Colleague: 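Would you mind keeping the following structure in view while I ask a few things?
One-based numbering, in listed order, for ligands and for the atoms of each. Because the structure is a prediction, the values reported are computed rather than measured. No hydrogens, no waters, no symmetry mates; every other heavy atom, side chains included, goes into these values.
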Amino acid sequence: MKRNKADKGAPAPLAKLPTTVTDIPEVRPGQSVALLQELHILTRDGKLNQDSRRKLKQVYHLYQFIEPLLNDVVKEKGTVSLVDHGAGKSYLGFILYDLFFKALQNDSHIYGIETRDELVQRSRELAAKFAFPGMSFLPLSVAESTTSTELPPTIDVVTALHACNTATDDAIDFALKKHAKHIVLVPCCQAEVASVLKKNKGQSLGRSALTEIWRHPIHTREFGSQVTNVLRCLQLEAHGYQVNVTELVGWEHSMKNELIIATYKNLPRRRPAERLQEVLETVGLQEMRERFYTAEIEQAGA
Ligand SMILES: C[S@@+](CC[C@H](N)C(=O)[O-])C[C@H]1O[C@@H](n2cnc3c(N)ncnc32)[C@H](O)[C@@H]1O
């Protein structure tokens, strides 16, 4: 369609586009083209540019990991609830809903948790526009959502993609308290551990040659980030989860592409809990015991 200059800013009329696309191989059968346009994954003309092709590939790549987890819950219970923390524009939530939840036609539900009001508002509008009744968006921090009465007492699947700083840790706390069966995390940079490493550097250096690993500031930051994810994995294992850590390939635009998938198996917890304490002591992070609490600490009321 040829458009004149005055038309340039206006969205292309959706009626002129097919509702599902067969000539764009990246778009899955049954997937809403209009939704992909609203999410700016497809252009207003219903096309994919290089950037959006990459974005779609990335979301599908992640979907590939999440779909079997959703199927697992649905097979067991018939319905599935998912909370996406630090949802942002909710690309993931909307694509999961369109590709999986929509067809269930039951009480399955996706909750998006996001502190930025305007993003929550926009997602609510989009869910209303596409008549997705099983989607809710709450203007809450991850920590607030753990005690919010707007969320059910248990949640099946918890996701947090690039949720900033300690929001990933709050998402783990949320998942543990909500007895989530599956947890999918792509952590963002976490500055808290690095700042404690930095603060305690004076005492730690000289204790062991291994402290050289975080002596230089850039290494403090990188090692802080690495050890944070190690502690998160141990914490999840100490709560009975089986943990897999892999790379979210295709996420080239981001330096942070570690994917942590945890599934509750009621596994023995003592060894990972002991290991976690040992790591905290070895690197001088004892004061972070509450952040990476294990069942014993929780029971003791810490
Ligand atoms: C980097 S964006 C990621 C958005 C989305 N998950 C994605 O991968 O496209 C992080 C989002 O988390 C939100 N956020 C940061 N800290 C949060 C917190 N403590 N609770 C809830 N949302 C938070 C930010 O407002 C932002 O929208």
Colleague: Establish, yes or no, whether a centroid distance under 6.0 Å links the rings of Tyr293 and His239.
Modeller: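 Yes - the distance between ring centres of Tyr293 and His239 falls below the 6.0 Å cut-off.
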Colleague: Report yes if some N/O of Leu161 lies less than 3.5 Å from some N/O of ligand 1; otherwise report no.
Modeller: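 Yes: some nitrogen or oxygen of Leu161 is under 3.5 Å from one in ligand 1.
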Colleague: Which is closest to atom 21 (C) of ligand 1 by heavy-atom distance: Leu138, Val186, Val142?
Modeller: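 Among Leu138, Val186, Val142, the closest heavy atom to atom 21 (C) of ligand 1 comes from Val142.
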Colleague: Does some non-hydrogen atom of Thr166 fall short of 4.0 Å from ligand 1?
Modeller: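 So Thr166 does not count as touching ligand 1.
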Colleague: Output the list of atoms in ligand 1 that are nearer than 4.0 Å to some heavy atom of Leu140, sorted by atom number.
Modeller: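 Under 4.0 Å from Leu140, ligand 1 has these atoms: 21 (C).
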Colleague: Backbone or side chain, does any N or O of Gly86 fall under 3.5 Å from an N or O of ligand 1?
Modeller: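 Such a contact does occur with ligand 1.
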Colleague: How would you list, by chain and number, every residue that makes a side-chain hydrogen bond (donor to acceptor under 3.5 Å, both in side chains) with Asn266, sequence neighbours excluded?
Modeller: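 Testing Asn266 for side-chain hydrogen bond (donor to acceptor under 3.5 Å, both in side chains), a comparison that skips the adjacent residues, returns Tyr264, Arg269.
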Colleague: Output the distance between atom NE2 (His162) and atom CG (Asn165), rounded to the nearest 0.5 Å.
Modeller: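 These two atoms lie 14.0 Å from each other.
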Colleague: Run down the list Val120, Thr115, Val59, Asp169 and name the one with the heavy atom closest to atom 22 (N) of ligand 1.
Modeller: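 Heavy atom nearest to atom 22 (N) of ligand 1 belongs to Thr115.
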Colleague: Membership question, hydrophobic clusters at under 4.5 Å side-chain separation (ILVMFWY): are Val186 and Tyr63 in the same one?
Modeller: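 Looking at the clustering, Val186 is in the same group as Tyr63.
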Colleague: Which part of Asp170 is near ligand 1, with near meaning a heavy atom under 4.0 Å away: side chain, backbone, both or neither?
Modeller: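 Near ligand 1, Asp170 shows nothing, with every heavy atom at 4.0 Å or more.
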Colleague: State whether Arg116 and Glu118 are salt-bridged, where the test is any N-O pair (Lys NZ or Arg NE/NH1/NH2 against Asp/Glu carboxylate O) under 4.0 Å.
Modeller: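 Salt bridge present between Arg116 and Glu118.
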Colleague: Near His162, which atoms of ligand 1 are under 4.0 Å from a heavy atom of that residue?
Modeller: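 So the answer, numbered in order with elements, is 1 (C), 2 (S), 3 (C), 10 (C).
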Colleague: Which of the numbered atoms in ligand 1 are below 4.0 angstrom from a heavy atom of Gly88?
Modeller: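 The list of qualifying atoms is 4 (C), 27 (O).
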Colleague: Does Glu278 pair with Arg271 as a salt bridge, N-O distance under 4.0 Å?
Modeller: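 Salt bridge absent between Glu278 and Arg271.
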Colleague: What part of Ala160, side chain, backbone, both or neither, has a heavy atom within less than 4.0 angstrom of ligand 1?
Modeller: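 Neither; no heavy atom under 4.0 Å.
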Colleague: At less than 4.0 angstrom from any non-hydrogen atom of Cys164, what atoms of ligand 1 do you find?
Modeller: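 By the 4.0 Å cutoff, the relevant atoms are 10 (C), 15 (C).
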Colleague: At what distance, to the nearest 0.5 angstrom, does CD of Gln286 lie from CD of Glu281?
Modeller: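 The CD atom of Glu281 is 5.5 Å from CD of Gln286, to the nearest 0.5 Å.
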Colleague: Relative to each other, are the rings of His216 and His219 parallel, tilted or perpendicular (30° and 60° limits)?
Modeller: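 If you compare the ring of His216 with that of His219, the planes turn out perpendicular.
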Colleague: So is there a nitrogen or oxygen of Arg116 less than 3.5 Å from a nitrogen or oxygen in ligand 1?
Modeller: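 By distance alone, the answer is no.
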Colleague: Just grab all the ring pair (Phe, Tyr, Trp, His ring centres under 6.0 Å) pairs involving residues 136-158, residues at least two apart or on different chains.
Modeller: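 Qualifying pairs, neighbours excluded: Phe94-Phe137.
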Colleague: Relative to the heavy atoms of Ser141, which atoms of ligand 1 are at a distance of less than 4.0 Å?
Modeller: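 Near Ser141, the atoms of ligand 1 are 20 (N), 21 (C).
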